[in-house]
Structure formats: C-alpha cells, structure tokens
Amino acid sequence: MHWTLKPLPTLDKVSSLAKKLSIDTNLATLLVQRNIETYEEAKSFFRPDLSKLHDPFLMQDMQKAVERIEKAIANDENILVFGDYDVDGTTAVSLMSSYLKTYYPNIATYIPDRYQEGYGISYKGIDFAEDNNFSLIIALDCGVKAIDKVDYANNKNIDFIICDHHRPGNELPKAAAVLDPKREDCNYPFDELCGCGVGFKLVQALASRRNQTIDDLMPYLDLLATAIAADIVPMNGENRILAYFGLERINTNPRSGIRAMTHQLKKEVLTITDVVFVIAPRINAAGRMKHGNYAVELLCEEDFQTAQTMAAGIEVFNNDRRDLDKLITIEALQQIEENNETEDFSSVVYQEDWHKGVIGIVASRLIEKYYRPTLVFTKSGDKLAASARSVSGFDVYNALEACSEYIEQFGGHKYAAGLTLSQENYKNFKDKFEEVVKNSIPPELLQPEIKIDLELELSAVTPKFYRILQQFAPCGPLNMSPVFMSKNVKDTGYSRKVGADEDHLKLSIVSEDGTKFNGIGFNLGKKHAEISNGQPFDIVYTIDENTWNGNTSLQLIVKDVRVTE
C-alpha cells in the first residue's frame, strides 16, 4: 500500500481562514485543500442552501424541452419516460414520471432489458413507443450519442427530449431538445450533474411554469441523492446541495420504496455511505438479475405495505447477485492461478456461463486481490462481452483503444468500460491488452494508494474536532471523507485479531504524549505481528463513532499500519 500525503496549503491562507472562522488550523487546512478559502465559501460549504441552485433555463435547450412537453400535454399526446437500468437511470425515470403524473395522466415508463437491448436508447424501445402511440420520448441518463436511433424515431414521427450527462460526440442527435451540461455550447454553470440531476433540472423548469418552488420539489430529492451517491459524481456545487437535502429527506420522510429498503437498518441517521452500500445495490440488483422495471415500480409505489412486499423481492435479487458474484470471483481467481498469470500486468478472464449482470462487480473484486487493470468476459449471444475496471491513474479506455483491431465495439470512460468481440479474437485481444498495459503502466500505479489529507497528533482528535468534521458530509469525489496519519504510536498490549477468520484487527494504541485510542482495521489481521512487538508504528485512519452498551465514543477506522521508519 502506497501512502501519499496531500500537499499542504500555504500557511497564510490557512491562518487567515482559521481566524475568520474561529477554528483550529487542522480544520482550516482541510477546508483550503477543498478550495474553500473565504468566510462566504465556508458558509456555503457548512450550510448548504437550496436558493443557491442555478436557474434551470441557463441550460442549453431547456426552453425547447419545456415547450415541447407543454405542447404534448396541450395536445393530449402520450409521453414515454425512458431511462437506463442502473441506479442513475431508474431513479431519473421514477423522478420524472412521478412528477409529470401529478398533473398529467398519459405517462408511461420504459427501461430497456439489460440483456436483450443493452445500454441506452434501443430500437426495440422506439418500436414499443410506435406500437403504443407515444409521440414524445423523454430519455434520461442516455441518448446524447444516439444519432441513428433518434433519426429512426424521427422517421416514425416520434420526438425525443434527451437528458444526459455523458460527454457528447462531434454531432448531437436531431432531437427536440438535448439537455446535457457537457455540451460544448452549453453555458450552464455546473457540468457535473448526474443523469437524474439533469432530469431534475427539467422538472425544476417545468415546476417554475406552474408557480411551484423548490419546496414543492422536496419529495423528489431522496431519489436524486440516491443517484448522486451511486453515480459517484463530484460532491461539490449543486450536487452537494442536492445530496445534503436529499439525505435529509431520506432520514425524515422518504418515499415508501426507499423506506422499505432501509427500515430494517437499525440506524438513527442514514449517511451517504448507507445510500451507496444499502439502497444503490438493491436498485441495481433488479436490473442485473431480473429487470430494471422492478426498481422503478418500487420507487414509485406509494403504499408502504406493497412497497415492503416489492422490496422483499428485490432483496432476493440482491442476495442472488451476492452469491453469484462470490462464486464467479472464486472461479476467476482460480483461473488466474491455473494459467500462471498471478504476476501479469493485467487480469483478463473468461467463462461462457458467467452472469453478465455481475461481471463488472467481479472485475472490481479481482482488483482487490490483484491490483491491476482487469477485464471479465462472458458469452453474450454469439459474441463475448466484457466489463473492464481500472486502477487509480490508469486510463483503461485508452488501453482498449490500442487494442481496437480485435474489438467490435466498446464504450465507457477512464476507469470503467464495456466491450464486445468475437470468440476467435479473444486470445489475440488478451495478449495485446497485456502487452499494452505492460508497456504503458508506471510501476507505482500497480500498488494501491491511500491519499492522506493531514498528519495529526492523536490528541487533536477530540469530540469537538469530530463534530465539525461531521459537517464535511455528504462526502464524495472532490470532497472525500478526511483521511489522517499519526506517527509513532504503540500497542497498549490489548490489540488483537478479530472476526470469524481473524482477518480484522482491533487496535488499542497510545501516542507519545499518552493519548489512548481504540480502532478497528478491516482486513488488517495479518498486520498484528507488526504492531504487537513493542515497536512504534504509523497509522492511516478516518474517524468515526462507536456505540457499545449504550456508551458512544470516538474510534479510528484504520486503513493501514506500518512500522515507523
């Protein structure tokens, strides 16, 4: 594990901010590292404010989109709300359709089948629209590159409004409106919205025409916070404001579907982490194991009893998904060992009966064991399909581009991609991919990296410090949960291995000035010998609370330990 300490900001910026906010320099340093340097910026950070949301009409084509929907309603047209099968797509479809249904009945939803139709707008979906007399399709979280499919729809007199957040190609589809803050000609002030976020801006614009305010849209923010968390978009600007109030909604008055998925959690306050690890996988499991429609139906269901029954069904999908990804991971790891590929620069594995819905998760699991770019292939029709995942700093999309002679089609971004190729090209592709990675990846990228915000004395970790730290939430990219390092600590003699397989480490440590702390290090059981021999060691950690027998105290979530140099 490679430890990287982030650069410290200049002392004058830190001192100035610490003085303005009456906080200690450690907290001021964390803020300046997040580009928060003035009292006003700090106020916006600590007190998110819905009035700071941008005017939706600043987005290119927003006026056109609103006018086309209003025309459809005036003419009694049927509107189809279309979205992808992942969390961002299904929450977007749920948000858009449930809002429109509050004042217009002719609304239906469509989620493409992951296996028969694949990602994004599909010809089958357009045919469905034609067969059922839909003349307007609102596409969410997809469509900005669907030139041919939008042309196909235009020939059938079906209009498209596209709400996407992916980077467009050189040409835009000939749609009635293309809402995408990443458009070159779009001057919208924040271009890191998720697909559901772009859909929400359209809802905000429609609402303003009906004299509704942001207060009227609060019931939809639980869906939006779920999408923001699951899609791992930057947690700053509008995303952080919307996630903050969406989390508040999840904790105070969530829709029946979300309450049904979370009510079994014995937690008073759900965090963004709970959204990522509890709500999102269950929504995703529907699309992976059965059909994304299940997720939309659950998220739109108003009756709690019915929602509980549906959530129980999705729980079964999620458990099946877990069992499958564990089994496939074991088979993939065996394959790597049997092929003597443990020392390779990449992992490329294939088995024809692996479930297509979980190969992306399996690729991520393999990276936990062998930290290197990874592809997991399965059979899909008469082709092979793969999910690619990368390690921090390595662009897997570029690596695939270098192997394009063997690939039929691929898409994605720097850290995750999907591709298909014909079976006879698998071996050539695999060899070429290994060669490309071997020749282009710097050795340091083959080691996991922990980015550390700040070196801290353990005595600085006080309840007051933690209370302010909690207000950094919700955390995510560009505002990650702060990570600290403390040097020269020692085992008090009470550290031990815990867990069924003794793979976790319960730490009891003391610093040079006598400050004592307890901590837990998940999957660090193997480091016990390193810390229990009386030698001083360094730790990297985040700070959390632990409640035991009714008593709550601060504890360290230890990410790594190493002997002090």
Side-chain angles (χ1 to χ4, degrees), residues 45-48 50 86-88 90-92 94-95 98 194 196-197 200 217-236 238-286 295-296 298-302 304-305 307-308 310-315 317-319 321-322 466-477 479-482 520 522 542-548 550 552-555 557:
F45 180 75
F46 285 121
R47 301 285 177 270
L50 287 164
D86 65 3
V87 179
D88 195 12
T90 50
T91 51
S94 305
L95 190 154
S98 56
C194 61
C196 187
F200 177 76
L217 302 180
M218 294 303 275
Y220 304 96
L221 294 187
D222 52 0
L223 289 171
L224 186 44
T226 302
I228 289 167
D231 223 53
I232 317 181
V233 286
M235 196 60 84
N236 62 358
E238 278 194 316
N239 284 340
R240 192 159 174 278
I241 297 171
L242 293 164
Y244 177 89
F245 287 99
L247 263 179
E248 202 171 78
R249 185 80 191 181
I250 287 170
N251 279 302
T252 54
N253 191 13
R255 63 193 47 237
S256 296
I258 287 179
R259 185 153 68 98
M261 284 187 276
T262 58
H263 81 287
Q264 80 280 9
L265 286 180
K266 301 289 181 275
K267 285 188 77 171
E268 279 181 33
V269 179
L270 298 179
T271 64
I272 210 86
T273 308
D274 297 314
V275 176
V276 171
F277 290 107
V278 177
I279 302 175
R282 282 161 178 76
I283 296 173
N284 255 330
V296 173
L298 172 62
L299 293 172
C300 293
E301 179 55 57
E302 290 179 5
F304 182 60
Q305 257 55 51
Q308 276 188 298
M310 295 171 77
I314 279 187
E315 193 64 32
F317 299 152
N318 195 44
N319 291 334
R321 187 270 309 161
R322 270 201 202 123
Y466 178 68
R467 275 198 306 275
I468 298 175
L469 217 53
Q470 280 179 299
Q471 295 175 45
F472 279 51
C475 294
N479 178 39
M480 297 301 276
S481 200
I520 181 80
F522 295 107
T542 56
I543 306 165
D544 199 4
E545 280 181 327
N546 183 37
T547 302
W548 178 251
T552 298
S553 59
L554 294 182
Q555 73 166 354
I557 306 294

Distance in Å, R255 CZ paired with L95 CG, rounded so as to fall on 0.5 Å steps: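 R255 atom CZ to L95 atom CG measures 7.0 Å (nearest 0.5 Å).
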
Partners passing side-chain hydrogen bond (donor to acceptor under 3.5 Å, both in side chains) against E302 (at least two apart in sequence or in another chain):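 side-chain hydrogen bond (donor to acceptor under 3.5 Å, both in side chains) check on E302 returns nothing, list empty.
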
Who are the ring-ring contact (aromatic ring centres under 6.0 Å, His included) partners of [X], not counting sequence neighbours?
X: F522; value: H504
X: F317; value: Y294
X: F46; value: F472
X: Y244; value: none

Sort and list the pairs that fulfil salt bridge (charged side-chain N to carboxylate O under 4.0 Å, His left out) and have at least one residue in residues 241-253, not counting sequence neighbours.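 Residue pairs passing salt bridge (charged side-chain N to carboxylate O under 4.0 Å, His left out), neighbours aside: none found.
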
Looking at Q471, I'd like to know if its CD atom is crowded, meaning that more than 12 non-hydrogen atoms belonging to other residues, nucleotides or ligands lie closer than 6.0 Å.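 Atom CD in Q471 is packed in, count exceeds 12.
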
Look only at the side chain of [X] and the backbone of [Y], and say whether a donor-acceptor pair between them is shorter than 3.5 Å.
X: D222; Y: I250; value: no
X: R282; Y: N318; value: no
X: N546; Y: S553; value: no
X: D231; Y: V87; value: no

Under the side-chain contact (heavy atoms from CB on, under 4.5 Å) criterion, do F200 and L217 qualify, and how do the steps go? CA-CA 9 Å; F200 177 76; L217 302 180; 4.0 Å; yes

Residues I241, L50; criterion side-chain contact (heavy atoms from CB on, under 4.5 Å); working and verdict: CA-CA 7 Å; I241 297 171; L50 287 164; 4.0 Å; yes

Taking every non-hydrogen atom, the tightest pair across A280 and A230: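 Minimum heavy-atom contact is CB-CB, 3.8 Å.
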
Using side-chain contact (heavy atoms from CB on, under 4.5 Å), reason through N284 and D86 one step at a time and then give a plain yes or no. CA-CA 5 Å; N284 255 330; D86 65 3; 3.8 Å; yes

